[in-house]
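Remember, predicted model here, so these are calculated numbers, not experimental data.
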Amino acid sequence: MATPETPLTPPALLLVDDDKDLRESLRLEFSERGYDVWEAGSLTDVQQLLDVSAFRFALIDLRLHLDNGLDLIPEILNRYPQCRIVVLTGYGSIATAVEAVKRGAVNYLTKPVPIERIEKALWMDIHETPELQDDNVESLERHEQEYLEYVLLQCQGNVSQAARWLGIHRQSLQRKLKRIGLR
């Protein structure tokens, strides 16, 4: 197993995303910024890499084919407690953001996001970066609204059926819909 980084070694970054093109792009960007980047496209790939390097940072996609990237957070932190983990997703929701932070992620970003914001998120906690948090809340609210619209469409406008689909009480869904202007 590798030894922890010294001041002269670049910080090791574990990059986990099932989108090969995005992973390659991020690898190039972070390599140019001085990081030692290790890539994984699946949970199995990550298992093999955890014994290879002591990771200072991890950037994890929420959805990895059929797997949940959040499942990696406790495993990585168990191995490397000082690792700073950021969850990056195109499917953001307030529930998954809260769950990511509960499991130990320092930040949660929704795609697309500029490389500068990702790097800043790796170095700072979510409560230390209100400008990141505010942008993410807006984005999460937008995703929540889009998802509610999708579910209502799938349920042909039937609020009771949509509430069952979402696993919430019908009145709670009606309040949400009213708040975001869908009813």
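- Here Asn68 contributes atom CG and Arg63 contributes atom CZ; the two are 9.0 Å apart, rounded to the nearest 0.5 Å.
- Annotation for Pro11 and Gly34: closest pair CD-O, 3.7 Å, computed over non-hydrogen atoms.
- Annotation: the span from Cys83 atom SG to Phe55 atom CZ amounts to 8.0 Å, rounded to 0.5 Å.
- Using a 4.5 Å heavy-atom threshold, the side chains of Leu88 and Leu62 count as separate.
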Which donor-acceptor pairs under 3.5 Å do the side chains of residues 162-171 make with protein atoms, sequence neighbours left out?
residue	atom	partner	partner atom	Å
His169	ND1	Gln171	N	3.1
Arg170	NH1	Gln174	OE1	2.9

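- Contact annotation: the side chain of Gln47 approaches that of Glu75 to within less than 4.5 Å [non-hydrogen atoms, C-beta and beyond].
- Annotation for Ala40 and Leu49: closest pair CB-CD1, 3.9 Å, computed over non-hydrogen atoms.
- Residues Cys155 and Val151 meet the side-chain proximity criterion, which asks for heavy atoms closer than 4.5 Å.
- Side-chain contact between Leu64 and Ser42: absent, with no pair of heavy atoms (C-beta onward) separated by less than 4.5 Å.
- Each of Val106, Ile76, Leu122, Leu72 was checked for a side-chain contact (heavy atoms from CB on, under 4.5 Å) with Ile85, and the lone residue meeting it is Ile76.
- Of the possible polar contacts, one joining the Asp45 side chain to the Gly41 backbone as a donor-acceptor pair under 3.5 Å is found.
- Side-chain contact check for Ile115 versus Leu26: some heavy-atom pair is nearer than 4.5 Å.
- The shortest side-chain heavy-atom distance between Thr89 and Thr96 does not fall under the 4.5 Å cut-off.
- Among residues two or more places apart in sequence or in another chain, the salt bridge (Lys or Arg N to Asp or Glu O under 4.0 Å) test is passed with Asp71 by Arg103.
- Between Asp61 and Val87 the shortest side-chain heavy-atom distance does not fall below 4.5 Å.
- The OG atom of Ser31 lies 8.0 Å from the CG atom of Asp36; values are rounded to the nearest 0.5 Å.
- Distance check, rounded to the nearest 0.5 Å: CG of Leu152 to CD of Gln154 gives 10.0 Å.
- Contact check for Asn107 versus Leu109: side-chain heavy atoms found under the 4.5 Å cut-off.
- Taking the ring pair (Phe, Tyr, Trp, His ring centres under 6.0 Å) definition, one finds that Phe30 meets it with Tyr35, sequence neighbours left out.
- Expressed to the nearest 0.5 Å, how far CE of Met124 lies from CZ of Arg84 amounts to 9.0 Å.
- Evaluation of the side-chain hydrogen bond (donor to acceptor under 3.5 Å, both in side chains) rule for Arg175 yields Ser172 as partners, not counting sequence neighbours.
- Both Leu43 and Val52 are assigned to one and the same hydrophobic cluster, defined by single-linkage of ILVMFWY side chains at heavy-atom distances under 4.5 Å.
- Across Ala100 and Leu70, no two heavy atoms sit closer than the pair CB-CD2, 3.6 Å.
- Among residues two or more places apart in sequence or in another chain, the side chain to side chain contact (heavy atoms under 4.5 Å, CB included) test is passed with Pro114 by Glu116, Arg117.
- When hydrophobic clusters are built by joining Ile, Leu, Val, Met, Phe, Trp and Tyr residues whose side-chain heavy atoms come closer than 4.5 Å, directly or via intermediates, Ile118 is not grouped with Leu28.
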Distance-only check: which donor-acceptor pairs under 3.5 Å involve side-chain atoms of residues 14-25, not counting sequence neighbours?
residue	atom	partner	partner atom	Å
Asp17	OD1	Asp19	N	2.8
Asp17	OD2	Lys111	NZ	3.2
Asp18	OD2	His65	N	2.8
Asp19	OD1	Asp21	N	3.1
Asp19	OD1	Leu22	N	3.2
Arg23	NE	Glu39	OE1	3.1
Arg23	NH1	Asp17	O	2.6
Glu24	OE1	Arg27	NE	3.3
Glu24	OE1	Arg27	NH2	3.4
Glu24	OE2	Arg27	NH2	2.6

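- For the atom pair CD of Glu119 and CZ of Arg33, the computed distance is 5.0 Å after rounding to the nearest 0.5 Å.
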